[in-house]
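Chain letters run A, B, ... following the sequence lines, proteins first and then strands; every chain starts at 1.
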Number of protein chains: 2
Amino acid sequence: MNASQHGDDGRSYHHGDLRKTLLETCCAHIASQGTEGLSLRALAREAGVSPTAPYRHFDSRHALLAALATEGFEELAASMRAVALDDPLQAFFDCALSYIRYAASHPVKYHLMFGDVIGDFSGHEELTAAAWDCYARLEQVLQVGLDSGDLRPDNLEELCGTVWALVHGMAGLTISAQAKATAKPIEDIMQVPPLRAQQAVASAPEGAVLRLMEGLVADPSRLKGIRQ
Amino acid sequence: MNASQHGDDGRSYHHGDLRKTLLETCCAHIASQGTEGLSLRALAREAGVSPTAPYRHFDSRHALLAALATEGFEELAASMRAVALDDPLQAFFDCALSYIRYAASHPVKYHLMFGDVIGDFSGHEELTAAAWDCYARLEQVLQVGLDSGDLRPDNLEELCGTVWALVHGMAGLTISAQAKATAKPIEDIMQVPPLRAQQAVASAPEGAVLRLMEGLVADPSRLKGIRQ
DNA sequence: TGCCACATGTGAGCGATGCATACATAGCGG
DNA sequence: CCGCTATGTATGCATCGCTCACATGTGGCA
C-alpha cells in the first residue's frame, strides 16, 4: 500500500478535503438512517480513512452536527437575503416561501437547525452567529413591511414570533411528508396522521401561506395579486 | 442481599413496575441530556436492576422511545377530547390552545411524537393508532366549525393542514424557549434567535393565536369575544 | 394445599462506538 | 536541505445495544 504517488486513485496519504467529504457523507447517512445511527467510524470507513481521522476536523460527534447546522443557517440566510425589498408585501411573501423551500430541499440540515439534537447553542459561536443572521433578515423584512404600512402596525417582535411560528410549522409538516414520501408508497404515508394533514399544505403551499397571511397584513385584498 | 422479604426497601427480586419506572426515568434523562445520550444501561442502573432487565419490557431502545411517543399521543388526544363542542369557534380555539399547552408541558414527548427520532411509524401499531386518534379529533372539531359556518367553507383537509401547521409551529417555538429557559439565564437565551422570536409568542400565545386565526374564520370580529 | 408454567430479572459475553493518547507522514516556507 | 505544522494512523479503554442461557418469584389450577 504505497501511497506516495498522488494521481493513482485520487487519494494519497492526505485525503484531500476530508472535512467536506465528512459533512456530505454525514448528511447522506442521517437522511437514510437518522441521527441516532450516525457513527463517526462509519463515516471514516466510507471516506477511506482511519477511524480517528475525523477528530482532526471536528472535536466530537456533536461538533460535526453543529457544523452541519451552521452550514444550514448560512444557506438559509443567503436565500432570504436574495429576495428583493422593493415591494414590502412581496418581500414578506417571498421570504416565507424561500424559508419553506429551503426546509423542503434540505430537510436534514433543517432538522439539525431547529430540532433538539443540538440542545444548547452556547459554545458554538459560529452556529449562534449564523442563526442570528437569519433572524436579522426576517426582522429586516418585517420592519420594511411595518414602515410601509403593508403589515399591521404591531410590535415588531411579536410579528416576528407569529410569522416564524407560522412558517416554521408549515415547513415542519412539509418536511415530514417529503421524508417519508421518498421512502414509502403513498398508501403507507396516509397511515401517519400528521402527514395526511400535511398533504393539503404541501400540494398547494403558496395558497396556504396566503390564507394564513391574510390575518397579518393590513390590506388582505392586496395579497390576491401576489404570486397568482 | 436476601430479597425474599417484600416490604424491606420497596423492591424485591421483582421490581414492581419496572416498565413505568423506565418510561418516567427515560423522560427525565432525555430532558436533561437529550435523546442522543440516552442509554438503556443507565436507565437500568438508576432503577436498580440489571442492564438487560429493560429488554423484558421493550424490544429495543427504539421501542422504548416509541412507547413514550404513544403515551404522548394518547394524552394529547385526551386533552383535545376534553374541550366542549357547543360553540364551534370556541371549540376550535380551545383545541388549539390545549394542543400548545400540552406541547409546552410535555416537551420531551412532543418532540418524540413529531420529531425525526422515530423515523418510521410502521411496525408500531399502537403508536400509529394513537396518532390517528389525535388527527380524528382535530378533524372533528374543524368539521363542526365548517358545518356551523364559523370556519371558512373550504376543503376540510386543507383546513386541517393549515391549522395543524400553525399550531404545530407555535408549539415548536414555545418548546424551544422553555427548554433552554430552564437551563440558562435569560441573557443567554436571547442569544439564540429562534428563541428570541418565540419570546413574543410565549408571552402572549393566546393573542398570537387569535391574530393568525383571523384568516381562517368566517367572521373574525367574533374572535374578539373569545377568551378575553 | 401443592405444584408447575410463565413472567420477570440476572449474568456473561460479542461486536461496535466515542474519544484520548502517542506516533507517523506529507507538504511547505526558510 | 531542514524542520514546522497540518493531517492521518495505531492503539487502547470504557461504554453501549443486544443475544442467550440461566435463576427466581408469582399466580393459576388440581
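In the interface, the side chain of A:S39 is not paired with the base of C:dA16 through any donor and acceptor atom under 3.5 Å apart.
Separating the CD atom of A:Q33 from the P atom of C:dT17 is a distance of 11 Å, rounded to the nearest angstrom. Computed from coordinates, the A:H29 NE2 to C:dT17 P distance equals 11 Å when rounded to whole Å. Whole-Å rounding puts the B:L38 CG to D:dC18 P distance at 11 Å. The interatomic distance linking A:D17 (CG) with D:dA6 (P) rounds to 16 Å, in whole Å. In this structure, B:Y55 atom OH and D:dT19 atom P are separated by 7 Å, rounded to whole Å. In this structure, NE2 of B:H57 is placed 14 Å from C1' of C:dC6, rounded to the nearest angstrom. Atom-to-atom, CD of A:E46 to P of C:dT17 comes out at 12 Å; the value is rounded to the nearest Å. The nearest whole Å value for the distance from the CG atom in A:L40 to the C1' atom in D:dT15 is 16 Å.
Here A:H62 does not reach the OP1 or OP2 of C:dC19: none of its side-chain N or O atoms lies under 4.0 Å away. The side chain of B:R41 places no N or O atom within less than 4.0 Å of a non-bridging phosphate oxygen (OP1 or OP2) of C:dG11. OP1 or OP2 of D:dA10 has not a single side-chain nitrogen or oxygen of A:S50 nearer than 4.0 Å.
For B:A42, whose side chain is taken as the heavy atoms from C-beta onward, the closest listed nucleotide among C:dG11, D:dC16, D:dA10 is D:dC16. Side-chain proximity of A:A53 to D:dT9, C:dC19, C:dT17: nearest is D:dT9. Taking only side-chain atoms of B:R56, from C-beta outward, the nucleotide of D:dA21, D:dC16, C:dT17 with the closest atom is D:dA21.
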Does the pair B:L65 and B:C26 meet the rule for a side-chain contact (heavy atoms from CB on, under 4.5 Å), with working shown?
CA-CA 8 Å; B:L65 298 175; B:C26 176; 4.3 Å; yes

Go through the steps for A:L23 and A:E71 under the test side-chain contact (heavy atoms from CB on, under 4.5 Å), then give the verdict.
CA-CA 10 Å; A:L23 283 172; A:E71 229 182 52; 3.3 Å; yes

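Contacts of B:L43 with the nucleic acid, taken as non-hydrogen atoms under 4.0 Å apart, are absent. Residue contacts shown for B:L64 are absent, as no nucleic acid heavy atom lies under 4.0 Å away. At a threshold of 4.0 angstrom between heavy atoms, the contacts of A:R19 with the nucleic acid are absent.
Interatomic distance, CZ of B:R101 versus NE2 of B:H106, reported as 13.5 Å (0.5 Å rounding).
Mapped onto DNA chain C by nearest heavy atom, A:D59 and A:R45 fall at different nucleotides, with A:R45 at the one closer to the 5' end.
Of the possible donor and acceptor atoms, none in the side chain of B:R41 sits under 3.5 Å from a partner among the backbone N and O of B:P51.
A:F73 and A:F114 have perpendicular rings, their planes meeting at more than 60° on a 0 to 90° scale where under 30° would count as parallel.
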